[in-house]
Structure formats: structure tokens, C-alpha cells
Amino acid sequence: MRGGRAPVILLGGGAALLLSLLWMPALLPVASRLLLLPRALLSMASGSPPSQPPPASSSGYVPGSVSAAFVTCPNEKVAKEIARAVVEKRLAACVNLIPQITSIYEWKGKIEEDNEVLMMIKTQSSLVPALTDFVRSVHPYEVAEVIALPVEQGNSPYLHWVRQVTESVSDSSTVLP
């Protein structure tokens, strides 16, 4: 995406099913948090302390401490270069490339349609700002799409692995491109 609003992404075959299964459960906790927003604003206005983050589950995983970030790229070559770099820099534990998506979006007053590659990046939520900065620094688009959703639940060993692989970066104060 080169700018404007977020694109509508059309997927074929199994990719559409995969993303629908990934996105729908991820959106439910976000929607439920939006319902709590008036309560949070009210507590801020009253001067009461903000609510604490959700407690760790019995597996020790803190919901939302890992995120899945999504980035669109113009082609597989660019996507692979960015994917390899974010894994090497430990800004991500894993990147999946989903080829052959169609993005339809408004850019500079015109409706555009492009074939793109979608990157699904697993990282610590605390690293999303550094990941975003890095992607913006190397991405060929004028306005790179980088969006992230917190992971509320999942396979505990996998979520712990994501945190372990990216731990050294989250401990340092700066990440250079």
C-alpha cells in the first residue's frame, strides 16, 4: 500500500481461510477492549489508577505480550529481504510470506489495485515500534503498511519461543536499522 486508508485484501484458496481463522479470534478481544474504553476514560478522569495488565495464564504467558504484525510488500523479493533482516536483527522470531494477495485501496484520489505479498510477523509486542521503524526505513513504499494485533492465546511453547528468540532485543534500549 502506498498510502491512504488500509487496503482491502483479497486472498485465494487456503490463504483466505488461514487469515479469516487468524483475524476473527484476534479481533474479538480488541472489540471487547473497546467496550471497556468508556470505563477506562472515566477512571482516568476520576484520578483512580489505571487497571493492571491481564494476569499471566497458568502457562505463564501474559496475554498480549506477543503480537502478529502484518506488512504488505510489492513482490516476493522485497518481502524475503525484509523478512530475513527482521529475523536476523531479532525484531521477529518468525515471518510467514503469503503470496498472491490482491490489495484494493485509495491512493491520491484514485482507487488502485495491486498484487502483493503479505508478511505475517511474530514478535514481542514491546518490539512493534522498533519493527515498524525498521520496516519503514527499508520498505520501497512511500507509506508502508505495518499493523499489529496482540496475541491473547495460543500454543504456550510457541509463544514462549517467540519471546525467547527476541528477548535480547527487548532488553536493549535501541535497535539500529
Check: Thr123 side chain, Leu91 main-chain N or O, donor-acceptor pair, under 3.5 Å: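 Flag set: sc Thr123 to bb Leu91 pair under 3.5 Å.
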
Worked check of side chain to side chain contact (heavy atoms under 4.5 Å, CB included) between Arg90 and Val165: CA-CA 7 Å; Arg90 295 185 176 265; Val165 167; 4.0 Å; yes

Residue from Val87, Leu127, Leu131 passing side chain to side chain contact (heavy atoms under 4.5 Å, CB included) with Thr166: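 When Val87, Leu127, Leu131 are each tested with Thr166, the side chain to side chain contact (heavy atoms under 4.5 Å, CB included) holds only for Leu127.
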
Test applied, side chain to side chain contact (heavy atoms under 4.5 Å, CB included); reference residue, Val146; option that passes from Thr72, Val71, Asp133: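 Checked Thr72, Val71, Asp133 against Val146; only one passes side chain to side chain contact (heavy atoms under 4.5 Å, CB included): Val71.
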
Any side-chain heavy atom of [X] sitting closer than 4.5 Å to one from [Y]?
| X | Y | value |
| --- | --- | --- |
| His139 | Glu145 | no |
| Ile111 | Ile104 | yes |
| Lys89 | Phe134 | yes |

Side chain to side chain contact (heavy atoms under 4.5 Å, CB included) assessment of Ile98 paired with Val117: CA-CA 6 Å; Ile98 304 170; Val117 174; 5.9 Å; no

Audit row: Ser65, Arg163, side chain to side chain contact (heavy atoms under 4.5 Å, CB included) steps and yes/no: CA-CA 8 Å; Ser65 61; Arg163 291 187 54 83; 3.5 Å; yes

Which pair of non-hydrogen atoms, one from [X] and one from [Y], has the smallest distance, and what is that distance?
| X | Y | result |
| --- | --- | --- |
| Val66 | Tyr61 | N-OH, 3.1 Å |
| Leu159 | Gln153 | CD1-C, 4.1 Å |
| Pro140 | Pro74 | CG-CG, 3.8 Å |
| Met120 | Lys122 | O-NZ, 3.4 Å |
| Ala93 | Trp161 | O-CH2, 3.3 Å |
| Ile121 | Ala92 | CG2-CB, 3.3 Å |

Does one hydrophobic cluster hold both [X] and [Y], with members joined at side-chain heavy-atom distances below 4.5 Å?
| X | Y | value |
| --- | --- | --- |
| Val143 | Val128 | no |
| Val95 | Val78 | yes |
| Leu149 | Ile101 | yes |

Glu112 side, atom CD; Tyr105 side, atom OH - distance, nearest 0.5 Å: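 Rounded to the nearest 0.5 Å, the CD-OH separation comes to 5.0 Å.
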
Atom CD of Glu76 with >12 non-hydrogen neighbours under 6.0 angstrom: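 No, CD of Glu76 has 12 or fewer neighbouring heavy atoms, counting only those of other groups under 6.0 Å.
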
Verdict with supporting geometry, Cys73 and Ile82, side chain to side chain contact (heavy atoms under 4.5 Å, CB included): CA-CA 9 Å; Cys73 293; Ile82 294 173; 4.1 Å; yes

Ionic contact status for Lys110 with Glu106, cut-off 4.0 Å: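 The answer is no: the pair does not qualify as a salt bridge.
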
Polar contact flag, side-chain donor to acceptor under 3.5 angstrom, Glu116-Tyr141: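 Checked: Glu116/Tyr141 side chains pair up, N/O donor to acceptor below 3.5 Å.
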
